[in-house]
Colleague: 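One structure, pasted below without further comment.
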Protein chains: 2
Amino acid sequence: MAPRTNPSPAPGESEEDVCRQVLRILSLIGDKWSILVIGQLRDGTLRFGELHRAVTGISQRMLTLTLRQLERDGLLTRTVHAGVPPRVEYTLTELGTTLLDSAIALGEWATTHRHEINDNRRRYDAAHPS
Amino acid sequence: MAPRTNPSPAPGESEEDVCRQVLRILSLIGDKWSILVIGQLRDGTLRFGELHRAVTGISQRMLTLTLRQLERDGLLTRTVHAGVPPRVEYTLTELGTTLLDSAIALGEWATTHRHEINDNRRRYDAAHPS
DNA sequence: CAGGATCCTGCCCGATACTG
DNA sequence: CAGTATCGGGCAGGATCCTG
């Protein structure tokens, strides 16, 4: 059970700071591309092009931006291997792995309740013919 | 541990359908307003105006839209009490409560690792003076 | 009080073209 | 191959005004 106490504001940061930080991290989960990219890296290292092909529908631009953000947060590492053609590999850090585990837990909640939610939606739409 | 098996596509739905549904539900978590609204309802029923005041910064419009979506998904109930002035109360359903619990687990991950992530960011920004 | 309806703006993101 | 740079459309969402 989650404690009802405040998230320990810690010295030097306001409670609002904590809230914004947590929200920003949560938005990582909500971000379609972030989760998909992290998920692809679950089983090991992948190159840029492999990720590009694995994550269906993502544009080069968004893949780059997503990877930069995740690298910045320390959720994955970017390794450039010298030579031609260039070769850049991406790997989850341990931090990234723990996030993925938590996200998967939430994904299982979503998977478990998807039918219930779909039913709710159908009922609502049927009752609200706007 | 999360099973590596596919999320049981179930008869009548493709694997892509499942993926899209799960992603859409995950985006609920990432959505700033949804999480904040659900969080406010943790300890019981609140009226529209109370939510409006509790969730700092949300506009009337976004609060309405957020509440509608959550009601549609069956995460909360909307109860209109006749009379003047109007009185509309919002309460989490059990489904909503279970989602909140999962989200809180993720929030605790974020809270736990916020300093580590902040440090990573500072390091990255220091190393990439673009 | 609890919202509709409307206008308007910023920015997100995809498409495209170019480079080391 | 693995990106950067640039342009542009779409739409999320804030501000404002109006009702039952």
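Here is how names work: the chains are called A, B, and so on, in the same order as the sequence lines, proteins then strands, and each is numbered from 1.
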Colleague: Taking B:Thr97 for the side chain and B:Thr93 for the main chain, is one N or O donor matched with an acceptor at less than 3.5 Å?
Modeller: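 Pair found, side chain donor or acceptor close to backbone of B:Thr93.
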
Colleague: When you measure from the side chain of A:Pro86, which nucleotide among D:dG3, C:dG20, C:dG14 comes out closest?
Modeller: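 Among D:dG3, C:dG20, C:dG14, the one nearest the side chain of A:Pro86 is C:dG20.
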
Colleague: Looking at C:dG14, I'd like to know if its phosphate oxygens (OP1 or OP2) sit under 4.0 Å from a side-chain N or O belonging to A:Trp33.
Modeller: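 Checking A:Trp33 against C:dG14: at least one side-chain N or O falls below 4.0 Å of OP1 or OP2.
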
Colleague: Could you work out how much the helix from C:dC1-D:dG20 to C:dG20-D:dC1 bends, comparing the axis of its first five pairs with that of its last five, to 10°?
Modeller: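 Inter-axis angle at the ends, rounded: 50°.
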
Colleague: Between atom CG in B:Leu63 and atom P in D:dA15, what is the gap in whole Å?
Modeller: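 From B:Leu63 CG to D:dA15 P: 14 Å.
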
Colleague: Which of these nucleotides, C:dT6, D:dG3, C:dA2, is closest to any side-chain atom of B:Arg61?
Modeller: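 Output: C:dT6.
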
Colleague: Just by modelled atom types, is the B:Arg47 backbone N or O under 3.5 Å from a matching donor or acceptor in the B:Glu50 side chain?
Modeller: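 Side chain of B:Glu50 to backbone of B:Arg47: a pair is present.
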
Colleague: Run through A:Leu95, A:Ile29, A:Val22, A:Leu26 and flag the one making a side-chain contact (heavy atoms from CB on, under 4.5 Å) with B:Trp109.
Modeller: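 Passing option: A:Leu95.
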
Colleague: Between A:Ser14 (side chain) and A:Asp17 (backbone), is there a donor-acceptor pair under 3.5 Å?
Modeller: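 Side chain of A:Ser14 to backbone of A:Asp17, a donor-acceptor pair under 3.5 Å: yes, one is there.
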
Colleague: Would you find a donor on one side and an acceptor on the other, under 3.5 Å apart, between the side chain of B:Asp31 and the backbone of B:Leu28?
Modeller: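 Such a contact is absent between B:Asp31 side chain and B:Leu28 backbone.
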
Colleague: Could you please name the option among C:dC13, C:dA17, D:dG13 that lies closest to any side-chain atom of A:Met62?
Modeller: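 For A:Met62, the side-chain atoms sit closest to C:dC13.
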
Colleague: Quickly work out the B:Ile58 CD1 to D:dA15 C1' distance and round it to whole Å.
Modeller: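 About 15 Å, once rounded to whole Å.
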
Colleague: Within the pair B:Arg68 and C:dG4, is there a side-chain N or O less than 4.0 Å away from OP1 or OP2?
Modeller: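 For C:dG4, OP1/OP2 do have a side-chain N/O of B:Arg68 under 4.0 Å.
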
Colleague: Less than 4.0 angstrom between a side-chain N/O of B:Arg78 and OP1 or OP2 of C:dG3, yes or no?
Modeller: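 True: B:Arg78 side-chain N/O within range (under 4.0 Å) of C:dG3 OP1/OP2.
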
Colleague: Nearest to the side chain of B:Arg47, heavy atoms from C-beta on, is which of D:dT4, D:dC17, C:dC1?
Modeller: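 Given the options D:dT4, D:dC17, C:dC1, the side chain of B:Arg47 is closest to C:dC1.
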
Colleague: Rounded to whole Å, how long is the line connecting atom CD of B:Glu50 with atom C1' of C:dG3?
Modeller: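 These atoms are roughly 16 Å apart.
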
Colleague: Of the listed nucleotides (C:dA2, C:dG4, C:dC1), which one gets closest to any side-chain atom of B:Pro85?
Modeller: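 So the side chain of B:Pro85 is nearest to C:dC1.
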
Colleague: Any Lys/Arg nitrogen of A:Arg114 or A:Glu116 sitting under 4.0 Å from an Asp/Glu carboxylate oxygen of the other?
Modeller: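 Here A:Arg114 does not pair with A:Glu116 in a salt bridge, since their nearest N and O are not under 4.0 Å apart.
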
Colleague: By the definition salt bridge (Lys or Arg N to Asp or Glu O under 4.0 Å), identify the one residue from B:Arg122, B:Arg123, B:Arg121 that meets it with B:Asp119.
Modeller: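 Among B:Arg122, B:Arg123, B:Arg121, the one that satisfies the salt bridge (Lys or Arg N to Asp or Glu O under 4.0 Å) with B:Asp119 is B:Arg122.
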
Colleague: Rounded to whole Å, how long is the line connecting atom NZ of B:Lys32 with atom C1' of D:dG14?
Modeller: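 It works out to 12 Å between those atoms.
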
Colleague: Quick one: B:Leu65 CG to D:dG14 P, roughly how many Å, whole number?
Modeller: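 Value for this atom pair: 10 Å.
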
Colleague: Between C1' on D:dT6 and CD on A:Gln60, what's the gap in Å once rounded to a whole number?
Modeller: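 For the pair A:Gln60 CD and D:dT6 C1', the rounded distance is 14 Å.
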
Colleague: If I take atom CZ in residue A:Arg53 and atom C1' in nucleotide D:dC1, what distance separates them, rounded to the nearest angstrom?
Modeller: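 Checked: the CZ to C1' distance equals 10 Å.
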
Colleague: Roughly how many Å is it from NE2 in A:His81 to C1' in D:dC1, rounded to a whole number?
Modeller: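 Between C1' of D:dC1 and NE2 of A:His81: 13 Å.
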
